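Some notes on the structure that comes next.
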Amino acid sequence: MSVTVRFAPSPTGHLHIGNTRTALVNWLFARKMGGRFLLRLDDTDEKRSTAAFAEAIQRDLAWLGLAHDLFDRQSERVARYDAIAQTLKADGRLYACYETAEELERKRKRQLLRGLPPIYDREGLTLSDVDRAALEAQGRRAHWRFKLQPMNVVWDDCVRGLQSVDCASLSDPVLVREDGSYLYTLPSVVDDFDHGISHVIRGEDHVANTAPQIQLFEALGATPPEFAHHSLLVNVEGGRLSKRDGALSLKDMAEAGFEAMAVASYAATIGTSDPIEPHQTMSSLVAQFDFAKLSRSPARFDPEELALVNARLLHGRDHGAVEGELTRLGVGGGEAFWLAVRGNLGTLADARTWWDVARGPVEPVIGDEAEYCAAAAGLLPPEPWDGNSWSQWTASVSEATNRKGRALFAPLRFALTGQGRGPELAAFLPFIGRQRAEARLNGRKV
RNA sequence: GCCCCCAUCGUCUAGUGGCCUAGGACGCUGGCCUCUCACGCCGGAAACAGGGGUUCGAGUCCCCUUGGGGGCGCCA
């Protein structure tokens with residue numbers, strides 16, 4: 001069977017880390033299986049969906065590297081949903097209800113108070129034609145519910161194994177709103193059917209929904225797809241993830257300077273039995289993807305761990321992968337400079353910081369080593385400098401001063417860069433150059 | 001309130017009744033690598049939530065408790 005999956009966000013907000021994980025699992029599975037990846041905008045909620053979010057979602061997905069093979073949006077398929085709804089009404093599976101939202105809320109509260117599950121009482125089903133006509137005459141408009149068969153629905157979930165949901169314990173889902181617009185369930189099932197979706201991959205918050213959806217597929221005469229429900233992310237404390245837990249949107253993460261591959265690596269490996277580590281390419285992530293590796297328990301989203309993955313990704317990144325971005329940041333020095341500083345980066349923008357340290361101006365830190373630094377300045381070899389200049393120079397400084405180890409090197413680093421830590425000076429020194437090096441060793445800011 | 005799921009080092013996890021004096025990765029940490037950080041190599045500390053069962057034998061099976069997650073929408 002050929003694989004087609006879909007990622008179906010509703011354009012009511014930005015893509016966040018949770019969404020991203022779902023998108024990634026879908027995309028990875030599609031690539032692994034040689035299948036197709038459909039991006040479907042679930043925009044049936046006209047009040048909350050916006051074109052701006054729809055664009056942002058596509059932009060963020062592209063940034064991450066998740067190209068889609070197919071694209072669709074539900075707002076353009078309403079005629080199709082209308083036709084299906086007519087069929088379901090004719091079959092007696094879709095029935096009219098007239099309670100207002102407030103009345104339903106009261107019913108639920110009453111049930112809860114009596115210790116009962118808040119399930120719809122199917123009052124709509126008891127209405128006669130006369131009742132309905134009377135309600136309509138009062139100006140009431142019907143919303144429509146899907147009549148569930150009171151049975152156990154079973155499926156073999158690709159990550160959770162055998163699942164069973166008792167539909168007798170569920171409310172008949174509302175498929176059509178009072179204003180005639182559609183809720184998520186019907187368009188989603190109809191689209192999955194029409195697009196030939198083979199695997200519905202989503203978060204475990206949809207587990208209970210799956211049973212009514214399977215019944216809907218069957219009511220449509222369709223064979224339900226396979227289902228895979230991954231666990232959700234929680235915050236560092238183990239609680240529900242919310243905006244207060246940091247930069248959760250892809251947009252925020254990009255602005256914080258995280259590399260797309262770092263975000264993808266983290267999102268694709270957290271909650272799996274593979275180690276959380278940077279992958280330089282998507283194909284590396286595709287190669288190791290397997291539903292069997294997904295854990296059934298929630299995983300903690302830790303922004304600090306993401307930052308660590310980002311740093312380690314950069315430490316191993318080839319110059320070619322960042323060349324364009326370095327130019328944009330105003331960082332020169334080519335590959336040699338990149339290789340000199342990449343091990344000291346947290347984000348790519350830090351490369352600019354080191355470039356500025358090389359080119360100045362830098363306030364040298366001399367302390368009480370003025371005499372020593374001045375002597376070292378006098379021993380600076382003539383240019384041109386290369387990777388060996390540093391060791392030639394420090395060897396002669398060591399000989400002249402009898403210093404070695406920390407006493408030999410530390411004052412030079414402080415004078416040359418103004419700080420105690422940084423890239424290896426053997427590789428970094430040529431970018432400072434003789435003129436600046438001599439000035440800084442003599443305490444001058446250049 | 002009711003239903004479902006989950007529970008191993010700080011974190012992500014391996015573990016499908018004896019191969020587990022519980023393995024790996026990240027993090028932390030000691031050492032080495034003629035400076036720091038990072039890299040690399042060699043070490044170290046660090047976990048089966050609690051209580052009952054079943055069994056010759058339980059991290060692994062069952063029950064209860066506790067904790068966490070999800071669901072019970074005219075949201076998706």
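This structure is a prediction, so every number in the text was calculated from the model and none was measured. FYI, side chains are in, hydrogens and waters are out, and symmetry mates aren't considered; it's all heavy atoms of this structure. Numbers restart at 1 for each chain; the letters A, B, ... are given by sequence-line order, proteins then strands.
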- request: Could you walk me through whether A/T22 and A/H230 pass the side-chain contact (heavy atoms from CB on, under 4.5 Å) test, one step at a time?
  value: CA-CA 8 Å; A/T22 304; A/H230 67 251; 2.9 Å; yes
- prompt: Would you say the side-chain atoms of A/Y98 and A/E136 include a donor-acceptor pair closer than 3.5 Å?
  reply: yes
task: Can you tell me, in whole Å, how much space there is between the C1' of B/A47 and that of B/C12?
output: 13 Å
- prompt: If you measure from the P atom in B/A45 to the same atom in B/G24, how many Å do you get, rounded?
  reply: 12 Å
query: Taking atom types as modelled and ignoring hydrogens, do the side chains of A/R177 and A/T44 form a donor-acceptor contact shorter than 3.5 angstrom?
result: no
- request: With C1' as the reference atom in both, quote the distance from B/G59 to B/A7 in angstrom, rounded to an integer.
  value: 12 Å
Could you pull out the protein-nucleic contacts involving nucleotides 24-27 of chain B (nitrogen or oxygen on both sides, under 3.5 Å)?
none

Same-atom distance (P) from B/C56 to B/G44, integer angstrom: 38 Å
task: Any chance you could measure A/Q111, atom CD, to A/I119, atom CD1, to the nearest 0.5 Å?
output: 7.5 Å
Separation between the C1' atoms of B/U11 and B/C75, rounded to whole Å: 33 Å
Sort me out a list of protein N/O and nucleotides 33-37 of chain B N/O pairs below 3.5 Å, or just none if empty.
unit_1	atom_1	unit_2	atom_2	d
B/C35	O2	A/R413	NE	3.0
B/C35	N3	A/R413	NH2	3.2
B/C35	N4	A/L425	N	3.1
B/U36	O2	A/G422	N	2.6
B/U36	O2	A/G422	O	3.1
B/U36	N3	A/R413	NH2	2.9
B/U36	N3	A/G422	O	2.7
B/U36	O4	A/R413	NH2	3.2
B/U36	O4	A/E424	N	3.4
B/C37	O2	A/N344	OD1	3.2
B/C37	O2	A/N344	ND2	2.6

task: Provide, to the nearest angstrom, the distance between the CG atom belonging to A/L339 and the P atom belonging to B/C39.
output: 16 Å
query: Does the pair A/R6/A/D42 count as a salt bridge with the N-to-O cut at 4.0 Å?
result: no
- request: Would you please name every residue forming a side-chain contact (heavy atoms from CB on, under 4.5 Å) with A/L162, sequence neighbours left out?
  value: A/V154, A/D156
query: More than 12 foreign heavy atoms under 6.0 Å from CZ of A/R122: is that the case here?
result: yes
- request: May I ask you to decide whether A/E325 forms a salt bridge with A/R317, counting only side-chain N to carboxylate O separations under 4.0 Å?
  value: no
message: I'd like to know whether CD of A/E399 has more than 12 heavy-atom contacts from other residues, nucleotides or ligands below 6.0 angstrom.
response: no
Would you list the protein and nucleotides 60-67 of chain B atom pairs, both N or O, that sit under 3.5 Å from each other?
none

- prompt: Under 4.0 angstrom, heavy atoms only, what part of the nucleic acid is A/T272 near: base, sugar-phosphate, or nothing?
  reply: sugar-phosphate
task: Quickly work out the A/D290 CG to B/A14 P distance and round it to whole Å.
output: 12 Å
task: Quote, to the nearest angstrom, the P distance that separates B/C48 from B/C9.
output: 7 Å
query: Is any side-chain N of the basic residue among A/R434 and A/E438 closer than 4.0 Å to the acidic one's carboxylate O?
result: yes
message: Less than 4.0 angstrom from a charged side-chain N to a carboxylate O is my criterion; do A/D194 and A/R77 meet it?
response: yes
statement: Going 5' to 3' through nucleotides 69-76 of chain B and flagging B where a protein heavy-atom sits under 4.0 Å of the base, S where only the sugar-phosphate is that close, and - otherwise, we get SSSBSBSB
Sequence neighbours excluded - salt bridge (Lys or Arg N to Asp or Glu O under 4.0 Å) pairs with any residue from residues 288-315 of chain A: A/D274-A/K293
task: Mind calculating the distance between CZ (A/R296) and P (B/A14) to the nearest angstrom?
output: 12 Å
Candidate pair A/F53 and A/H14, rule ring-ring contact (aromatic ring centres under 6.0 Å, His included), full reasoning: CA-CA 6 Å; A/F53 281 133; A/H14 284 289; 5.3 Å; yes
